[in-house]
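Encoded as structure tokens, the structure appears first; notes follow it.
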Amino acid sequence: MIRTSLRQALQSASQSGLILCGSVRVTRAAVRFQSSDAATNNVPSSPAPADSPLKRIRNLGVSAHIDSGKTTLTERILFYTGRINKMHEVKGKDEVGATMDSMDLEREKGITIQSAATYATWKDYNINIIDTPGHVDFTIEVERALRVLDGAILVLCSVGGVQSQTLTVNRQMRRYHVPCIAFINKLDRPGADPLRVIGQIRKKLRHNAAALQIPMGEEDRFKGVIDIIRRKAMFFHGVNGQDIEETDVPPEYAKLVESKRTEMIAALAEVDDQIAEKFLMEETPTESEIVAAVRRTTIARTFTPVLMGSALKNTGVQPLLDAVNAYLPSPDEVYYDAYSGKDQTTRIELKPVDATKPFVGLAFKIEQNKFGQLTYMRTYQGVLRRGDFVYNSRDDKRVKVPRLVRMHANQMVDVTEVAAGEICAIFGLDCNTGDTFCSERTGMTMERMFVPDPVISLSIKPESPKMLEAFSKAVARFQKQDPTFRVHTDDESKETIISGMGELHLEIYRELMLREYNCPTIVGKPRVAFRETITAPATFDYIHKKQSGGAGQYGRVIGEISVLEGEEANNVIFEDKSVGQNIPKNFIPSIEKGFLEACQKGPLTGNNLIGVRFTLLDGVAHAVDSNDMAFRMAAMGALRQAVSKANPVVMEPIMSVEVNAPDEYQGVIIGGINKRRGTVMDSENKDGYVTVQAQVPLNDMFGYSADLRSQTQGKGEFTMEYNRHEPTMPSLQQELMRNYEKERREKQS
């Protein structure tokens, strides 16, 4: 009752104008969004004692849009924590390169390609850090990192603000209930506007966000930050910004500090009852009360604290580390569970506090190096020691742990044991990404990470047949360590087809084949991952009958297909609603297998069929001629029969595209997007630059990079990510169908 009355009082106060209306109206929407999100996240039943080592562990990810300064920030974190002795820059400008960009390709291209793990110590807190890529083509690296992390730093550029990949990272954090601290970087850049970025965090990400700091000066006049909780100004001196000078707030910033402090308290009062009570009583919370409230609400994902600085100019990084310790959760403050039982429906809470519990860990990343397979693992319960035997819950195999290490980018430090809440790496485990390991044959399985489907494909082959063995080894390795990299052989052309998240994604793997396997390759034209679906329900009654002397084949299936919508639209589902023994139950798996096999090649263009529910209602079996093959073929024929009556259409991938360029090119940019069948969703002008957000079919985006450079005299740049599949235009569908028929005739002849 107290909680309800406080909320109602706050709402009436805001409606009557007693609370800052401009910011609170936005944050109330954020609370509606995030409180429902947080409600699905249970509270751990047994938190650790205050003096437990678990309380001083932070598992942290650094994520952002490309070129927001993630890797530069991580480099500063490693320097200030004493993990490295000298800071280096990305792109290998000093012929060394950033510590976390250990691949030669990363240093050459100046982008992070794979996530890298390290660990550091800051003020007696042990921080496990994973630096993740910002490019959408490598989104699986962010996905698997956030799957195992307890908190994150969301880095935003003070000029670019919330960009396309920022939205993707925010969705991934929401999917795994990861609380975050926002860090607005690059305050020294021309056009820096941190208050505008905070507004975007509230509006575009729907976060209840408020600044814990404000900058002193902007752009080339940026000289430090002010902590508005403690009312202290911080200046960063020394060659590397390691010497911090704290002073009282300069008089010219006093009014702004008090205004932002009130705004922060109002935002906290919306989601924290203790601060709300103080707010309504017109009492000022103490520093310790504010810090405690920020921690509670950050962990509950109802509030996002915003800090700021410039990693490149060595400003504001140490206070960010203090915020990580103060506001992000320890492993015992996050609820984790695993599925158990034969049906894998029973959920069991994992308890990192009790070291006597059986070990449970999740393999979230796999790499191959000169020592063999290296498996990155997050430990959730119990203790893992070198030489222990563990069970892989996927296949129930018992394997030994021959070597345990902790990673520092590409360097390894051997350890004898790891406790719950830690991140380690193991040699000698033959496993896949997402496998669960237990010290006992408990059958517990942790939920696997989300893996997006590829959006682009191309044919590939080695330049010389002599390189086929190296090519096969490379493809097998890449497919095992990257779930978004898919390989298959085209049944008709017999070509090897590789699929991935974008052109850069596949180009990186081609480059790795050349560098690591000395295997140059020849590729065909990129192919868009078109799909097929149905738009209406239909029935089927199909008989497969084949007589060739002796026992033949006979199978009859009766049922219907229907359209899947919403989150199921990208799937196919088989349902058995048959009654009785007209079809013996031992043939049902063969019918399902035939349905799934038929879905791999749609009738219109030969692309995968999605969004279909296949419901088996009845059928007929023959005492002699019915077998698994007969019913598998019957299901394939039934699906083809029904799809032809269900108004099938071709679907194409639609990409979210963000273009940045000087505003003088706005007209030509929008014209170029329209020419490519795109839809402009939004445009924003600021400081002489325009940001255009659009949705464009992937099939029309090939060659856009060169066109944009030409249109903007090399001053424009763009990013894109997969958004959804939607039906193509009828003219394109007819063209794809004609091309498919032409290819089939050519292959048959």
Side-chain angles (χ1 to χ4, degrees), residues 59 61-62 71 74 97-109 111-119 128-133 135 137-149 361-379 384 386 390 392 394 399 401-415 418 422-437 448-449 451 470 472-487 498 500-501 505-506 508-517 519:
N59 292 313
V62 184
T71 304
T74 307
T99 304
M100 303 302 279
D101 285 347
S102 56
M103 291 176 61
D104 290 338
L105 270 175
E106 291 179 316
R107 294 177 176 179
E108 289 174 15
K109 295 181 177 294
I111 60 172
T112 302
I113 294 172
Q114 61 180 9
S115 57
T118 187
Y119 60 96
N128 296 307
I129 304 169
I130 299 183
D131 180 36
T132 61
H135 200 288
D137 283 24
F138 312 109
T139 189
I140 187 61
E141 296 290 333
V142 185
E143 196 78 41
R144 55 182 161 198
L146 292 177
R147 170 64 182 84
V148 299
L149 292 172
L362 180 70
F364 66 93
K365 180 176 177 174
I366 292 172
E367 283 183 5
Q368 290 285 344
N369 61 25
K370 58 185 178 181
F371 299 106
Q373 178 170 304
L374 181 66
T375 303
Y376 288 76
M377 185 173 292
R378 163 71 193 267
T379 60
L384 181 65
R386 185 175 61 200
V390 292
N392 187 333
R394 177 174 53 85
V399 292
V401 179
R403 185 182 177 191
L404 268 177
V405 297
R406 299 193 71 183
M407 300 300 298
H408 175 51
N410 62 342
Q411 302 171 22
M412 293 170 284
V413 178
D414 284 275
V415 295
V418 289
E422 296 284 3
I423 293 174
C424 65
I426 305 172
F427 278 105
L429 290 187
D430 184 15
C431 65
N432 296 328
T433 300
D435 284 355
T436 303
F437 286 87
R448 288 175 171 265
M449 68 199 70
V451 179
S472 300
K473 288 181 179 178
V475 165
R477 170 196 157 191
F478 299 153
Q479 192 172 13
K480 187 171 186 179
Q481 68 185 29
D482 183 352
T484 60
F485 179 77
R486 313 279 176 86
V487 184
I498 58 174
M501 301 307 297
H505 187 204
L506 299 182
I508 290 296
Y509 280 120
R510 281 193 65 209
E511 188 70 26
L512 289 175
M513 286 183 194
L514 178 61
R515 295 187 180 208
E516 299 184 12
Y517 292 89
C519 179

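Not measured: the values here are computed from a predicted model.
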Smallest separation among heavy atoms of Leu404 and Arg386, with atom names: CD1-N, 3.7 Å
Evaluation steps, side chain to side chain contact (heavy atoms under 4.5 Å, CB included), between Leu374 and Met407: CA-CA 10 Å; Leu374 181 66; Met407 300 300 298; 3.9 Å; yes
Asn392 CG to Thr436 OG1 distance, which is reported to the nearest 0.5 Å: 8.0 Å
Spacing of Ile140 atom CD1 and Thr484 atom OG1 [to the nearest 0.5 Å]: 5.5 Å
Heavy-atom closest pair, residues Phe364 and Arg144: O-CD, 2.9 Å
Shortest non-hydrogen contact between Ile366 and Thr433, atoms and distance: CD1-N, 3.3 Å
Stepwise side chain to side chain contact (heavy atoms under 4.5 Å, CB included) check, Phe437 with Val401: CA-CA 11 Å; Phe437 286 87; Val401 179; over 6 Å; no
Test side chain to side chain donor-acceptor pair (under 3.5 Å) applied to Gln411 - qualifying residues, sequence neighbours left out: none
Heavy-atom check, side chain of Val475 versus side chain of Met513, under 4.5 Å: yes
Non-hydrogen side-chain atoms of Arg403 and Asp414 separated by less than 4.5 Å: yes
Counterpart residues, side chain to side chain donor-acceptor pair (under 3.5 Å), relative to Arg486 (two or more places apart): none
Any side-chain heavy-atom pair of Met377 and Val418 under 4.5 Å: no
Gap between atom CG of Leu146 and atom OG1 of Thr132 - 0.5 Å precision: 6.5 Å
Residues in ring pair (Phe, Tyr, Trp, His ring centres under 6.0 Å) contact with Tyr119, at least two apart in sequence or another chain: none
Flag side-chain contact, heavy atom, 4.5 Å: Ile498 against Tyr509: no
Non-hydrogen side-chain atoms of Ile129 and Val62 separated by less than 4.5 Å: yes
Spatial distance of atom CD1 (Ile508) from atom CZ (Phe478) [nearest 0.5 Å]: 10.5 Å
CG on Asp482 to CD on Glu367, rounded to 0.5 Å: 11.5 Å
Side chain to side chain contact (heavy atoms under 4.5 Å, CB included) assessment of Gln114 paired with Gln481: CA-CA 11 Å; Gln114 61 180 9; Gln481 68 185 29; 5.7 Å; no
Ring pair (Phe, Tyr, Trp, His ring centres under 6.0 Å) partners of Tyr517, counting only residues at least two apart: none
Below 3.5 Å, can you tabulate the donor-acceptor pairs from side chains in residues 422-432 to any protein atom, sequence neighbours excluded?
residue : atom : partner : partner atom : Å
Glu422  : OE1  : Asn128  : ND2          : 3.2
Glu422  : OE1  : Arg406  : NH2          : 3.4
Asp430  : OD1  : Lys480  : NZ           : 2.9

Check: Phe138 and His505 side chains under 4.5 Å, non-hydrogen atoms: yes
Sequence-distant partners of Ser115, side chain to side chain donor-acceptor pair (under 3.5 Å), two or more places apart: Glu141, Lys365
